[in-house]
Every structure is written in C-alpha cells, then in structure tokens.
There are 2 protein chains.
Amino acid sequence: MGSALRSQLEAAGVSPECASTIELVRDVLARVGDKWTVLVVITLADGPLRFTTLHGRIAGVSQRMLSQTLRSLTRDGLVTRTAYAEVPPRVEYELTPLGRSLSDSVTHVVHWVQDHQAEIVRNRQEFDGGDLPTP
Amino acid sequence: MGSALRSQLEAAGVSPECASTIELVRDVLARVGDKWTVLVVITLADGPLRFTTLHGRIAGVSQRMLSQTLRSLTRDGLVTRTAYAEVPPRVEYELTPLGRSLSDSVTHVVHWVQDHQAEIVRNRQEFDGGDLPTP
DNA sequence: CGGAATCCGTGACGATACTG
DNA sequence: CAGTATCGTCACGGATTCCG
C-alpha cells in the first residue's frame with residue numbers, strides 16, 4: 001500500500017522520501033476538514049480566548065465537540081492551552097506560530113472557495129436539475 | 001446562527017456580504033478533508049484516467065467510495081466524466097480547470113504538512129507521552 | 001467495465017447530566 | 001467556569017451482490 005501511496009505524492013510534486021507522509025497529510029486534512037476546526041482556528045486568529053467565549057462565538061458547537069477539537073489542536077501543537085489557578089477557573093486558548101502558519105494556508109483555501117463559490121453552486125444546480133423539465 | 005458565522009469569516013478577512021459562504025466553505029473543506037478526495041485529485045493531476053485504472057492506483061479505496069467521490073467532484077464541476085459508448089464501456093475522468101486550481105490550493109496545504117510534519121509528530125509524542133515514566 | 005443497490009458494523013456527533 | 005461521562009442516533013465507510 002505504501003509504495004502506491006508514495007507515487008501519489010510524487011505525482012503531486014511531493015518529495016518521495018517519506019511514505020508515511022500521505023497518512024499524515026490525510027490526517028491533517030481530515031482535521032482541517034472537520035466540522036469545527038476551521039471555525040475554531042479562524043476565531044482564535046484574533047487572539048487568545050477562553051473556553052466559554054469560544055463556545056459562545058461559535059454557534060452550534062457543543063461543549064463536547066469544542067473540548068475535543070481544542071484538545072486535538074493542542075496535541076498537534078497548533079494551539080496552546082493556558083490554565084490559570086483562579087476562582088473561578090480561567091483557561092485561555094491561543095494559536096501557536098505553527099497554528100497561525102496553518103491558518104494562513106487554510107485561509108488561502110477559504111479565499112479560493114469564496115472566489116469560486118458562485119461557479120460551484122451553479123455547477124451543482126446544473127448537475128442536480130439536469131435540464132429543466134418541460135411541464 | 002448565520003450572523004455569528006458571518007462574524008467568523010469577517011474575523012478571517014472574508015468579505016461579509018455572503019452569510020452562506022461559511023457553509024460552503026465548510027462543505028468544500030469537508031470534501032477536501034475526506035478520506036479519498038485528495039488522493040483522487042492528485043492522481044488525476046497527471047491526466048484523464050478511467051474508473052478501473054483509478055481504482056487500481058488508489059490503494060485501499062472501494063468501488064463504492066471511489067464512485068461516490070467521483071460523483072461529488074463531478075457535481076461540483078471539479079472533474080468531468082466522459083462516457084464512451086463502446087464495448088466494453090469506457091469512462092474517463094479528468095480534472096477541470098476549476099479542479100486544477102483547487103488542486104493547487106490543496107497542494108499548498110500538502111506542502112505545509114510536509115514541511116511541518118516532523119514538528120507535528122514530535123508535538124503529538126510529547127503530548128501523548130507527557131514526561132517519560134521512570135521505571 | 002462501470003457502476004448502483006443492499007446490508008451491516010463502527011464511530012462521530014449532539015444532548016444531557018454531572019464534577020472539580 | 002471548564003470541562004468529563006454517559007447515552008442514543010445516524011451517517012460514513014467496507015464488503016458483497018446485481019445490473020446495463
């Protein structure tokens with residue numbers, strides 16, 4: 001399996017030396033593509049925020065998912081988690097330089113989507129509707 | 001929900017005029033992040049390929065998932081599907097200019113992952129292992 | 001050959017309740 | 001305030017089978 005996958009990346013212009021890169025690429029892209037990660041990242045782009053603030057700003061996210069997303073991001077070193085020993089407790093999350101650099105790449109894709117969204121929507125309508133029925 | 005989401009994009013530097021952009025962004029990113037799309041796209045980067053060839057080159061993909069992925073990509077206008085009325089039947093898939101331009105953006109992220117994979121792996125090990133146990 | 005249809009297991013996700 | 005724990009649902013993804 002590895003060699004075939006390696007050739008995939010070679011075709012994409014990725015250096016062939018590390019076969020497991022593809023898995024990590026897929027892993028990171030899956031993270032980026034998941035439901036909440038992008039929203040968390042771009043929300044944190046302004047500066048550090050605490051859990052509840054984040055929870056309030058990102059509409060529709062459950063505590064469970066937010067917590068999980070933040071832990072994954074922290075694990076990968078994309079955000080830092082800082083807990084202050086206070087009463088009431090306060091925890092702040094902040095993008096690391098690594099997280100910010102990923103954010104830049106992702107923003108690039110976001111802008112791509114924005115630039116081509118009309119075309120995509122039109123393509124979908126055309127595909128779904130086929131030609132208009134003749135009633 | 002829409003207004004909160006809109007502010008997300010504003011924070012990310014995206015123009016505020018279209019509230020539904022965020023959903024499309026998430027949608028497209030989810031597609032990009034899914035298990036097979038990236039592999040299909042970079043495999044098609046060389047040129048048009050037929051279904052079975054694609055199925056052979058992408059290790060581990062089932063016919064179902066490949067078919068599904070290709071249909072989604074076709075629906076969005078990222079690939080074209082050309083069926084030749086022959087025996088045996090032949091169907092070729094090819095990246096559209098739109099698909100190629102997305103491919104470029106995604107490749108950018110792929111390269112980012114490649115550049116930072118060592119750091120990510122190290123971060124994960126550090127996070128998972130914590131400090132080394134003392135046996 | 002190129003799929004679509006069916007069945008089915010797994011786990012992602014949301015809602016809720018509880019804890020330090 | 002900042003989570004963890006538990007549970008129920010359901011969509012994703014794989015294997016198999018059937019059709020044009």
query = For the rings on B/H108 and B/W112, is their centre-to-centre separation under 6.0 Å?
reply = no
request  = Could you pick out which residue, B/T53 or A/K35, lies toward the 5' side of DNA chain C when each is mapped onto its nearest nucleotide?
outcome  = B/T53
inquiry  = Nearest whole Å is fine: how far is D/dG3 C1' from A/L49 CG?
reply    = 17 Å
inquiry  = Set out, in order, the CA-CA distance, both residues' side-chain angles and the distance that settles side-chain contact (heavy atoms from CB on, under 4.5 Å) for B/H55 and B/V61, then state yes or no.
reply    = CA-CA 7 Å; B/H55 184 232; B/V61 69; 3.8 Å; yes
remark   = dist A/T80:OG1 -> A/Y93:OH (nearest 0.5 Å) comes out at 10.0 Å
message = I need the CZ-P distance between B/R31 and D/dA11, as an integer number of Å.
response = 16 Å
query = With sugar-phosphate meaning primed atoms plus P, OP1 and OP2, does A/Y93 contact a base, only sugar-phosphate, or nothing at under 4.0 Å between heavy atoms?
reply = sugar-phosphate
query = Roughly, in whole Å, what's the span from CZ in A/F51 to C1' in C/dT19?
reply = 14 Å
Distance, rounded to the nearest Å, where B/L66 contributes CG and D/dA15 contributes P = 14 Å
message = Is a donor from one side chain sitting under 3.5 angstrom from an acceptor on the other, for B/T37 and B/D34?
response = yes
inquiry  = On the nucleotide D/dA15, are OP1 or OP2 found under 4.0 Å from the side-chain N or O atoms that B/S62 carries?
reply    = no
request  = Indicate whether OP1 or OP2 belonging to C/dC1 is found under 4.0 Å from a side-chain N or O atom of B/R50.
outcome  = no
message = What's the closest nucleotide to the side chain of A/W36 if the choices are D/dG14, C/dG20, C/dG14?
response = C/dG14
query = How many angstroms lie between atom CZ of A/R124 and atom CZ of B/R75, to the nearest 0.5 angstrom?
reply = 5.0 Å
Watson-Crick or G-U stems involving DNA chain D, each at least 3 pairs long, distances under 3.5 Å, ordered by first number = C:1-20 with D:1-20
task = Take the protein atom CG of B/D34 and the nucleotide atom P of D/dA11, then report the distance between them rounded to whole Å.
result = 17 Å
key: Stepwise side-chain contact (heavy atoms from CB on, under 4.5 Å) test for B/L78 and B/V41   = CA-CA 9 Å; B/L78 301 174; B/V41 168; over 6 Å; no
remark   = Rounding to 0.5 Å, atoms CZ (B/R90) and OG1 (B/T53) come to a distance of 10.5 Å
remark   = CD of A/Q68 to CH2 of A/W36, rounded to nearest 0.5 Å, is 12.5 Å
Show each protein N/O and nucleotides 4-12 of chain C N/O combination with a separation under 3.5 Å, one pair to a line.
unit_1, atom_1, unit_2, atom_2, d
C/dA4, OP2, B/S67, OG, 2.9

query = B/H111 side chain to B/T107 main-chain N or O, any donor-acceptor pair under 3.5 Å?
reply = yes
message = Rounded to whole Å, how long is the line connecting atom NE2 of A/H55 with atom P of D/dT4?
response = 14 Å
